[in-house]
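Quick notes on the structure that follows.
So you know, we letter chains A, B, ... as the sequences are listed, proteins then strands, and number each from 1.
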Number of protein chains: 2
Amino acid sequence: MAKLDSAQIARYADMFSAMGTEPRLRIVRLLLTAHPEGLVAGEIGEELDIPNSTLSHHLDKLKNEDLIAMQREGTFLRYTANTSALEELLGFLYAECCTRSNAVEPKKVLCCR
Amino acid sequence: MAKLDSAQIARYADMFSAMGTEPRLRIVRLLLTAHPEGLVAGEIGEELDIPNSTLSHHLDKLKNEDLIAMQREGTFLRYTANTSALEELLGFLYAECCTRSNAVEPKKVLCCR
DNA sequence: GCTATATTTCGATTATTCTGGAAATACTGG
DNA sequence: CCAGTATTTCCAGAATAATCGAAATATAGC
């Protein structure tokens with residue numbers, strides 16, 4: 001297993017932090033549900049009942065951590081979950097818990113394929 | 001799959017938040033490496049070079065989110081990773097990413113048993 | 001009980017984050 | 001180019017979090 005340097009650990013911490021708030025965790029969940037089409041900002045805000053500017057800040061944070069992606073569609077901005085980043089985060093957590101230390105047994109968490 | 005209520009989502013958010021800081025993520029990693037024996041507070045502080053009181057706050061937060069456990073050993077306090085909680089968090093993330101939405105393919109993350 | 005060690009709690013400072021109204025920007029269709 | 005809609009940025013306030021020295025607490029051994 002590759003050794004993790006300080007920057008990488010900090011990055012994972014930032015990703016966890018980005019998911020570490022109820023509104024943002026809800027946003028990610030919602031985008032996963034709507035995957036791969038995603039949703040435009042207005043739909044997210046309406047569904048989760050979050051004011052425009054507040055939502056925009058949350059989306060910005062998630063985007064900065066690369067957990068979601070954005071693409072313009074005319075006057076709309078469509079947001080989608082970034083599956084590779086989530087994959088990476090999941091892989092990190094899995095590696096820490098199961099591979100690196102054998103602290104958690106994989107089979108308890110997942111049933112493969 | 002059981003439907004997640006607001007309190008549960010908030011709880012997962014809090015767990016992510018607890019891991020969402022570099023010092024605390026390092027602490028969890030260190031305790032996983034030392035699992036199942038764990039480490040006493042002083043050892044953690046020395047290894048990660050964190051002042052007493054700062055460390056104590058971090059440990060308190062992790063303990064509040066049930067990510068670590070503590071037991072007294074004479075004048076020492078031994079901390080251990082709480083594998084069930086980590087298991088649960090890993091399971092949640094897995095379910096969100098892979099089961100619920102099929103956004104991430106399990107085999108990309110893990111190689112089962 | 002006193003001393004020594006380990007760790008927490010107190011207290012206070014600084015930094016960061018969350019929130020949301022109002023103004024600005026971006027785009028579309030006429 | 002103007003009106004209309006979508007969304008962001010600006011700004012500011014309030015709340016929360018991170019930090020750490022110093023004082024307090026807990027335990028052990030003598």
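For the pair G20(B) and S17(A), the tightest heavy-atom approach, listed with the atom from each and the gap, is O-CB, 3.3 Å. Scanning both residues, I50(B) and P23(B), for their nearest heavy atoms gives CD1-CB, 4.3 Å.
Close approach of DNA chain C to chain A, defined as any atom under 4.0 Å from a non-hydrogen atom of the protein, starts and stops at dT17(C) to dT28(C).
Within the 4.5 Å cutoff, the side chain of L86(B) has no heavy atoms near those of the N82(B) side chain.
The phosphate of dT19(D) has OP1 or OP2 within less than 4.0 Å of a side-chain N or O from H58(B).
Taking atom CG on D14(B) and atom C1' on dA17(D), their separation rounds to 13 Å, with Å as the unit.
Counting only N and O atoms by type, the side chains of R26(A) and S6(B) include a donor and acceptor under 3.5 Å apart. In summary, the side chains of Y79(A) and Q71(A) do not present any donor paired with an acceptor at a separation below 3.5 Å, with no hydrogens or angles considered.
Classification of E22(A) and R11(B) as a salt-bridged pair fails, no side-chain N sitting under 4.0 Å from a carboxylate O.
Atom CZ in F16(A) sits 6.0 Å away from atom CG in L25(B) (nearest 0.5 Å). One distance of note links CG of D60(B) with CD1 of I68(B); it measures 8.5 Å at 0.5 Å rounding.
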> Going 5' to 3' along nucleotides 3-14 of chain D, which nucleotides have protein heavy atoms under 4.0 Å from the base (write B), which only from the sugar-phosphate (write S), and which from neither (write -)?
Replying inline: ---SBBBB----
